[in-house]
Amino acid sequence: MFSMVNGFRNYSQQAIEALRYIGQGFIVTSDHMNRLPMTIQYPYEKLVPSERFRGRIHFEFDKCIACEVCVCVCLINLPVVDWKFKKNIKKKELKSYSIDFGVCIFCGNCVEYCPTNCLLMTEEYELSTYDRHESNYDQIASGRLPISIIEDRTIESISSFDFSSKKIMEEHSKSKTVTKFLD
Ligand code: SF4
Ligand code: SF4
């Protein structure tokens with residue numbers, strides 16, 4: 001008789017414990033159901049990159065003196081600088097310049113060390129192509145101005161700072177509420 005009562009008590013305790021876990025799981029699930037998605041509806045919405053974002057490199061042909069500093073500081077000697085020495089003016093003449101953005105790691109070394117500031121990192125990040133050879137930008141391709149997300153009226157641009165700070169604050173307050181509830 002005593003063992004039966006004991007068994008029944010154990011069983012009730014386990015059932016209560018199980019119900020508690022189910023309840024906790026349900027609270028967490030319902031909390032997630034109320035949250036806004038952490039993603040944006042790309043390509044209808046796009047994040048505006050932060051000010052120091054390291055995107056596609058813009059190159060100014062006229063400013064380049066073909067010194068090849070960018071090649072020396074590049075971890076993989078990526079920029080291809082083609083030049084010819086002009087004896088009459090005792091200067092190098094730049095013939096072509098290219099960077100393969102399929103290989104570039106966007107470290108920004110070349111931009112940092114270029115003595116004439118003819119390289120600049122832009123906010124452009126949509127660089128995928130169907131053919132990898134198209135990622136190799138010559139001076140004409142890398143000389144075009146970056147496409148600005150803000151000026152594109154067909155999409156909704158979202159500031160990455162606003163997006164992340166709003167989400168972080170939202171998540172922070174939600175997690176605090178859930179923790180309080182579960183305690
Ligand atoms: S460091 Fe600047 S100036 Fe020198 S070759 Fe490279 S891009 Fe041209
Ligand atoms: S960003 Fe870095 S990896 Fe790309 S070309 Fe410049 S130095 Fe090389």
Side-chain angles (χ1 to χ4, degrees), residues 35-172 174-175:
R35 288 185 194 184
L36 291 170
M38 284 298 285
T39 50
I40 57 158
Q41 299 301 308
Y42 183 88
Y44 309 108
E45 293 175 351
K46 286 179 190 174
L47 281 182
V48 179
S50 58
E51 215 174 284
R52 297 178 69 188
F53 182 79
R54 297 198 290 225
R56 198 259 300 168
I57 295 168
H58 172 69
F59 172 70
E60 284 183 59
F61 190 88
D62 296 340
K63 278 192 187 175
C64 181
I65 53 171
C67 64
E68 292 186 89
V69 166
C70 53
V71 186
C72 298
V73 295
C74 178
L75 307 169
I76 41 178
N77 303 125
L78 188 59
V80 178
V81 188
D82 187 16
W83 51 269
K84 193 173 78 181
F85 188 72
K86 286 204 124 186
K87 278 185 183 162
N88 53 343
I89 52 168
K90 291 183 182 165
K91 258 183 165 182
K92 285 177 182 175
E93 186 191 51
L94 183 66
K95 295 181 79 167
S96 69
Y97 186 93
S98 65
I99 296 178
D100 189 345
F101 291 112
V103 183
C104 176
I105 56 165
F106 302 93
C107 64
N109 271 357
C110 53
V111 178
E112 193 75 26
Y113 288 96
C114 174
T116 60
N117 291 329
C118 61
L119 297 170
L120 178 81
M121 301 211 93
T122 67
E123 58 180 35
E124 205 174 300
Y125 56 84
E126 292 169 309
L127 299 171
S128 43
T129 55
Y130 285 106
D131 181 355
R132 67 190 167 97
H133 297 108
E134 285 174 19
S135 300
N136 193 1
Y137 281 38
D138 62 4
Q139 69 269 14
I140 298 166
S142 55
R144 77 167 164 75
L145 290 171
I147 299 160
S148 172
I149 290 169
I150 300 167
E151 284 166 19
D152 191 346
R153 299 280 169 230
T154 58
I155 55 146
E156 190 183 341
S157 55
I158 301 166
S159 156
S160 54
F161 179 74
D162 287 352
F163 183 75
S164 54
S165 55
K166 195 174 137 210
K167 287 289 170 194
I168 287 164
M169 289 312 290
E170 211 169 74
E171 289 307 300
H172 185 62
K174 288 237 165 138
S175 64

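Predicted model, so just to flag it, every value in this text is computed and none were measured. Both ligands and their constituent atoms are indexed starting at 1 by order of listing.
Heavy atoms of Cys70 found under 4.0 angstrom from ligand 1 belong to the backbone as well as the side chain. Looking at Thr116 against ligand 1, only its side chain comes within 4.0 Å, counting heavy atoms.
One distance of note links CD of Glu93 with NZ of Lys84; it measures 5.5 Å at 0.5 Å rounding. Here CZ of Phe85 is found 8.0 Å from NZ of Lys90. Values are rounded to the nearest 0.5 Å. To the nearest 0.5 Å, atom CD1 of residue Ile57 and atom CD1 of residue Ile99 are 4.0 Å apart. Of the inter-residue distances, the one linking Ile105 atom CD1 with Leu78 atom CG reads 9.5 Å to the nearest 0.5 angstrom. The structure places CD of Glu124 at 10.0 Å from CZ of Phe53, a figure rounded to the nearest 0.5 Å.
For Arg54 (side chain) and Met121 (main-chain N/O), no donor-acceptor pair under 3.5 Å exists by modelled atom type. Under a 3.5 Å cut-off, the side chain of Thr116 and the backbone N or O of Lys63 do form a donor-acceptor pair.
For atom 6 (Fe) of ligand 2, the nearest protein heavy atom (residue, atom name, distance) is Cys110 SG, 2.3 Å. Of the protein's non-hydrogen atoms, the one nearest atom 4 (Fe) of ligand 2 is Cys104 SG, 2.3 Å. With hydrogens left out, the protein atom closest to atom 2 (Fe) of ligand 2 is Cys107 SG, 2.2 Å, a heavy atom.
Here is the list of ligand 1 atoms found below 4.0 Å of a heavy atom in Pro115: 1 (S). Numbered from 1 in the order shown, with element, the atoms of ligand 1 that lie under 4.0 Å from a heavy atom of Cys118 read 2 (Fe), 3 (S), 7 (S), 8 (Fe). Against a heavy-atom cut-off of under 4.0 Å, Glu68 is close to the following atoms of ligand 1: 4 (Fe), 5 (S).
Taking a 4.0 Å cut-off on heavy atoms, Leu75 fails to register as neighbouring ligand 2.
Put simply, the side chain of Cys70 reaches to within 4.5 Å of the side chain of Tyr97, judged on heavy atoms.
The nearest N, O or S atom of Cys74 is not closer to atom 2 (Fe) of ligand 2 than 2.8 Å. Residue side and main chain included, Cys64 places no N/O/S atom under 2.8 Å of atom 4 (Fe) of ligand 1.
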